[in-house]
Amino acid sequence: MYSITTRSPTSAEQRLIEARSTPDAASIGCIAIFFGVVPALLLGQLGKWLGGFIAPHVAIYGQWIGWSVAAIIFLTFLWKFSRLERRRRQRASQDRDERIIQEIHVRDPRVIEIGLINDNEPILAFEIGDNKILFMQGQWLRDEAIYGADPLEDDPRDDIFNGLPEPHSFPSTEFTISRFPNSGEVVGIHVSGSYLAPPTQLTEALQPEYEFADAELLDGSLDDIAGVLSREHTRRQSS
């Protein structure tokens with residue numbers, strides 16, 4: 001079972017979404033380093049080394065070929081990142097202008113953990129009633145601040161999904177998630193039930209090309225989670 005209410009964001013929440021609606025210069029810088037500078041150095045040196053086996057004067061051509069391949073890699077990743085980042089900024093801009101926080105209260109859900117397909121993990125999917133699925137993904141799920149908990153003094157608990165002791169253990173039999181509805185940016189999870197461990201066997205349901213927000217409300221059942229995500233991805237690609 002679930003219910004949805006809305007409220008205005010706090011000043012801190014509004015500043016957060018305003019920051020999300022602006023270009024991410026730090027991420028662009030990381031892409032330039034890891035997918036531009038580093039490949040150029042490595043591939044240029046490799047091309048020069050391989051070309052030197054043919055003839056000394058061929059080494060310079062090998063180096064240029066290596067640089068060219070590195071440039072293709074960089075431009076490919078930059079294009080993909082820019083496309084994704086532009087959509088994220090557009091959704092964040094909607095949230096910035098609408099100034100609405102959506103609070104989804106969930107009780108007695110069914111939960112599964114979805115297998116890792118990229119670095120945006122962990123991934124949970126809740127069946128919450130009325131043919132609705134609450135999909136959550138991201139390392140923020142292990143951030144104690146999201147749950148209003150104090151920083152851990154000891155190591156995270158291995159037997160709890162988010163590593164936090166009661167009363168902040170998650171997933172749980174009852175909780176409220178606060179998020180911006182367009183971008184899916186989560187600003188808090190209030191745990192009010194007991195710990196609900198997801199099955200130990202991961203569910204394989206994602207593909208590398210899928211793009212979902214931190215928290216999404218989707219139509220369907222967990223019994224067909226792979227189909228739900230596939231159809232939603234197809235719908236978004238065609239819209």
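Sequential numbering from 1 along the given sequence is applied to the chain's residues.
No side-chain donor from either of Glu211 and His233 sits under 3.5 Å from a side-chain acceptor of the other. Side-chain N/O atoms of Asn182 and Glu98 include a donor and acceptor closer than 3.5 Å. For the 3.5 Å distance criterion, the side chains of His105 and Thr176 qualify, holding a donor opposite an acceptor. Using modelled atom types and a 3.5 Å distance limit, the side chains of Ser178 and Glu103 yield a donor-acceptor pair. No hydrogens or angles considered: a donor-acceptor pair under 3.5 Å links the side chains of Glu127 and Ser221.
Contact record, Ile100 with Pro181: O-CD, 3.4 Å, taken as the closest heavy-atom pair. Considering every non-hydrogen atom in both Ile225 and Ala205, the closest pair reads CG2-CB, 3.9 Å. Nearest heavy atom pair, residue Ile133 against residue Gly220, reads CG1-O, 3.5 Å. Annotation for Pro122 and Arg142: closest pair CD-NH1, 3.4 Å, computed over non-hydrogen atoms. Taking both residues in full, the closest heavy atoms of Ile112 and Pro198 are given as C-CB, 4.3 Å, listed atom of the first, atom of the second, then distance. Taking every heavy atom of both residues into account, Ile104 and Arg179 meet most closely at CD1-NE, 3.9 Å.
Residues Glu121 and Gln137 fail the side-chain proximity criterion, which asks for heavy atoms closer than 4.5 Å. Contact annotation: the side chain of Glu144 never approaches that of His168 to less than 4.5 Å [non-hydrogen atoms, C-beta and beyond]. With contacts defined as side-chain heavy-atom distances shorter than 4.5 Å, the pair Pro165/Leu152 qualifies. Between His190 and Phe175, every side-chain heavy-atom pair lies at or beyond the 4.5 Å cut-off. No side-chain heavy atom of Thr10 sits less than 4.5 Å from a side-chain heavy atom of Ile101. Glu174 has its side chain within reach of Ser192: a pair of non-hydrogen atoms, C-beta onward, lies under 4.5 Å apart. Using a 4.5 Å cut-off on side-chain heavy atoms (C-beta onward), Ser183 and Ile17 make contact.
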* Please test Glu113 against Thr203 for side chain to side chain donor-acceptor pair (under 3.5 Å), starting from the C-alpha separation and ending with a verdict. => CA-CA 6 Å; Glu113 183 178 359; Thr203 300; over 6 Å; no
* Might you work through the side-chain contact (heavy atoms from CB on, under 4.5 Å) test for Arg96 and Gln14, ending with a clear yes or no? => CA-CA 7 Å; Arg96 177 199 62 200; Gln14 187 64 20; 3.8 Å; yes
* To do: Output, in order, the C-alpha distance, side-chain angles, deciding distance and verdict of side-chain contact (heavy atoms from CB on, under 4.5 Å) for Tyr2 and Leu134.
  => CA-CA 10 Å; Tyr2 76 99; Leu134 177 59; over 6 Å; no
* Go through the steps to decide whether Asp224 and Arg231 satisfy the test salt bridge (charged side-chain N to carboxylate O under 4.0 Å, His left out), and finish with yes or no. => CA-CA 11 Å; Asp224 183 35; Arg231 288 189 293 272; 2.7 Å; yes
* Which is it for Arg7 and Glu13 under the side-chain contact (heavy atoms from CB on, under 4.5 Å) test, yes or no, and what are the steps along the way? -> CA-CA 12 Å; Arg7 62 171 174 83; Glu13 291 166 345; 3.0 Å; yes
* Worked check of side-chain contact (heavy atoms from CB on, under 4.5 Å) between Thr173 and Tyr195 -> CA-CA 6 Å; Thr173 57; Tyr195 181 61; over 6 Å; no
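Alongside Leu116, the hydrophobic cluster contains no other residue (criterion: ILVMFWY side chains under 4.5 Å).
Atom CG of Asp150 has 12 or fewer neighbouring heavy atoms from other residues, nucleotides or ligands inside a 6.0 Å radius. In this structure, Gln201 places its CD atom where only 12 or fewer heavy-atom neighbours from other residues, nucleotides or ligands lie under 6.0 Å away.
In this structure, CD on Gln102 lies 6.0 Å from CG on Leu217, to the nearest 0.5 angstrom. To the nearest 0.5 Å, atoms CD (Glu232) and CG (Asp219) are separated by 8.0 Å. Ser172 OG to Phe126 CZ: the interatomic distance, rounded to the nearest 0.5 Å, is 7.0 Å. Ser169 OG to Asn162 CG: the interatomic distance, rounded to the nearest 0.5 Å, is 6.0 Å. Distance check: Asp130 CG to Met1 CE gives 8.5 Å after rounding to the nearest 0.5 Å. For the atom pair Ile123 CD1 and Leu141 CG, the distance stands at 9.5 Å (nearest 0.5 Å).
The hydrophobic cluster containing Leu218 does not contain Val111, counting ILVMFWY residues as joined when their side-chain heavy atoms lie under 4.5 angstrom apart, directly or transitively. Ile160 and Leu202 fall into different hydrophobic clusters, defined by Ile, Leu, Val, Met, Phe, Trp and Tyr side-chain heavy atoms under 4.5 Å apart, directly or through other members. A continuous path of hydrophobic side-chain contacts links Phe170 to Ile128 [ILVMFWY only; heavy atoms under 4.5 Å]. Under the 4.5 Å side-chain heavy-atom criterion for ILVMFWY residues, a single connected hydrophobic cluster contains both Val106 and Leu124. Under the 4.5 Å side-chain heavy-atom criterion for ILVMFWY residues, no single connected hydrophobic cluster contains both Leu222 and Met136.
Here Arg236 pairs with Glu216 in a salt bridge; the nearest charged N to carboxylate O distance falls below 4.0 Å.
In terms of the salt bridge (charged side-chain N to carboxylate O under 4.0 Å, His left out) criterion, Arg107 has no residue partners (sequence neighbours excluded).
Here the side chain of Ser230 pairs no donor or acceptor atom with the backbone of Ala226 at under 3.5 angstrom.
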